[in-house]
Amino acid sequence: MTRKFKDAGLTVLHVVGNVKQALAAQDAGVDLIVCEGYEAGGVENPDELTTMVLVPCVVDAVKLPVLAAGGIADARGLLAAFALGAEGVQMGSAFLATHECHVHANFKDAIVRSGDTATVMTQRSLGRLSRAMKTEFTLELQELDRRGAADEVKALLAASPPGKDAQYRGQMEGDMVRGEPAAGQAVALVREIKSATDVVRDVMAGAQRIIDGWRQH
Ligand SMILES: Cc1cc2nc3c(=O)[nH]c(=O)nc-3n(C[C@H](O)[C@H](O)[C@H](O)COP(=O)(O)O)c2cc1C
């Protein structure tokens with residue numbers, strides 16, 4: 001697949017969750033590796049490596065540029081990623097509460113009102129992981145996971161009508177009770193709805209302020 005994309009003149013980024021995957025991606029000829037840690041929103045690598053450990057391990061193992069993803073939503077996260085050896089970051093959750101993002105207003109409101117324990121990991125019993133906001137639905141999935149009730153998890157996920165799964169209900173219809181709105185731990189750092197441009201500007205300006213503060217010491 002990577003060869004096909006490269007032959008078509010595309011730049012290929014590959015998301016990894018451990019060193020073995022990073023080395024395989026490098027061997028396949030990708031241009032850049034994205035290390036996505038356990039903090040991130042959406043589907044996760046079952047190894048559950050955090051960004052803090054994954055990024056430097058991959059940086060040490062590969063010769064390609066590395067981006068850090070998972071748990072980064074402000075200037076502090078950006079600079080931490082640089083310190084870990086990343087050359088940039090991939091942010092997802094920080095952009096959910098932007099004017100441009102087409103998710104439902106209820107979801108954006110829930111994000112800006114959220115805190116450090118706002119998300120939950122589900123579907124462990126199925127051998128995969130998915131991080132979303134805590135809702136009645138996702139907490140029910142978590143409880144079934146705890147009991148190892150994989151068949152019940154499957155049944156609950158399959159119970160939605162086609163095209164209207166729990167993620168759609170949460171993200172697009174704003175159902176913060178029976179939905180599964182995918183989001184990462186970094187929602188705890190998102191305090192207002194703003195433009196995507198301002199998200200980037202604020203991160204860059206904040207980073208500059210931190211660096212200036214370091215220089216004064
Ligand atoms: C709502 C949502 C949907 C996502 N969908 C995908 C996807 O389809 N494919 C993918 O590779 N990553 C997906 N991601 C992961 C992001 O690309 C990104 O790596 C991640 O959000 C970074 O971590 P953060 O959420 O802590 O910023 C998604 C993330 C969120 C929050």
Side-chain angles (χ1 to χ4, degrees), residues 1-2 5 10-18 21-22 25 30-55 58 65-81 84 86-98 100-112 114-123 128-135 137-138 163 165-176 179-191 193-194 196 199-200 202-203 206:
M1 188 70 93
T2 302
F5 288 143
L10 298 174
T11 301
V12 181
L13 286 71
H14 195 79
V15 182
V16 304
N18 60 40
Q21 290 175 346
V30 306
D31 297 289
L32 204 147
I33 289 174
V34 180
C35 292
E36 192 190 67
Y38 172 80
E39 303 92 324
V43 174
E44 305 289 329
N45 187 286
D47 290 319
E48 304 188 22
L49 291 174
T50 59
T51 303
M52 191 68 99
V53 169
L54 176 64
V55 173
V58 170
V66 168
L67 298 186
I72 301 162
D74 62 19
R76 294 167 295 185
L78 174 72
L79 293 179
L84 295 174
E87 297 197 20
V89 297
Q90 172 170 292
M91 302 186 331
S93 296
F95 288 103
L96 287 170
T98 58
E100 292 86 347
C101 185
H102 63 173
V103 299
H104 197 279
N106 292 353
F107 184 17
K108 295 182 188 182
D109 288 342
I111 288 172
V112 296
S114 73
D116 56 344
T117 60
T119 68
V120 61
M121 197 68 100
T122 65
Q123 302 176 38
R128 60 183 192 223
L129 297 175
S130 180
R131 185 179 292 283
M133 300 293 283
K134 279 181 185 165
T135 64
F137 183 84
T138 57
D165 63 8
Q167 282 203 349
Y168 184 89
R169 283 200 304 275
Q171 290 164 199
M172 307 313 293
E173 296 183 339
D175 186 343
M176 293 296 114
E180 187 194 0
Q185 293 178 349
V187 292
L189 303 168
V190 179
R191 296 283 58 97
I193 299 169
K194 51 186 164 185
V199 170
V200 177
D202 289 352
V203 168

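In listed order, ligands and their atoms are each counted from 1.
Panel note: side chain Ser130, backbone Thr122; no donor-acceptor pair is recorded below 3.5 Å. The backbone N or O of Thr98 sits less than 3.5 Å from a side-chain atom of Lys108, completing a donor-acceptor pair. Using modelled atom types, one side-chain atom of Asp74 and one backbone atom of Gly77 make a donor-acceptor pair closer than 3.5 Å. Formation of a donor-acceptor pair under 3.5 Å by the Ser93 side chain with backbone atoms of Ala183 is not found in this model.
Which parts of ligand 1 touch Met91 is read off a 4.0 Å heavy-atom cut-off, strictly below it: atoms 27 (O). Set against the non-hydrogen atoms of Ala182, the atoms of ligand 1 under 4.0 Å away are 1 (C), 31 (C). Residue contact check: Gly71 has heavy atoms under 4.0 Å from atoms 24 (P), 26 (O) of ligand 1.
For atom 22 (C) of ligand 1, the nearest protein heavy atom is under 4.0 Å away. At a distance under 4.0 Å, a protein heavy atom can be found next to atom 31 (C) of ligand 1. For atom 12 (N) of ligand 1, the nearest protein heavy atom is 4.0 Å or more away. Put simply, atom 9 (N) of ligand 1 has no protein non-hydrogen atoms near it, under 4.0 Å away. Within a 4.0 Å radius of atom 4 (C) of ligand 1, the protein has no heavy atom.
With hydrogens left out, the protein atom closest to atom 19 (O) of ligand 1 is Glu36 OE2, 2.6 Å, a heavy atom. Counting only heavy atoms of the protein, atom 25 (O) of ligand 1 lies nearest to Ser93 OG, 2.6 Å. In this structure, atom 17 (O) of ligand 1 lies nearest to the protein heavy atom Gln90 NE2, 3.3 Å.
Between atom 28 (C) of ligand 1 and the options Ala69, Gly41, Gly92, the minimum heavy-atom separation is to Gly41.
Just one residue in the list Arg131, Gln123, Gln171, Arg169 forms a side-chain hydrogen bond (donor to acceptor under 3.5 Å, both in side chains) with Glu180, and that residue is Gln123.
Within 6.0 Å of the CE atom in Met172, the count of heavy atoms belonging to other residues, nucleotides or ligands exceeds 12. Few gaps surround CZ on Arg191; more than 12 heavy atoms of other groups in view lie less than 6.0 Å from it.
Heavy-atom separations between Ala94 and ligand 1 are all 4.0 Å or longer.
One distance of note links CG of Asn106 with CD1 of Ile111; it measures 11.0 Å at 0.5 Å rounding.
In this structure Gln167 satisfies the side chain to side chain donor-acceptor pair (under 3.5 Å) test with no other residue, sequence neighbours excluded. Listed by chain and number, the residues in a side chain to side chain donor-acceptor pair (under 3.5 Å) with Asn18 are Asp47 (sequence neighbours excluded).
For ligand 1, none of its N or O atoms has an N or O atom of Gly42 under 3.5 Å away. By the 3.5 Å distance cut-off applied to N or O atoms, Gln171 is not counted among the residues near ligand 1.
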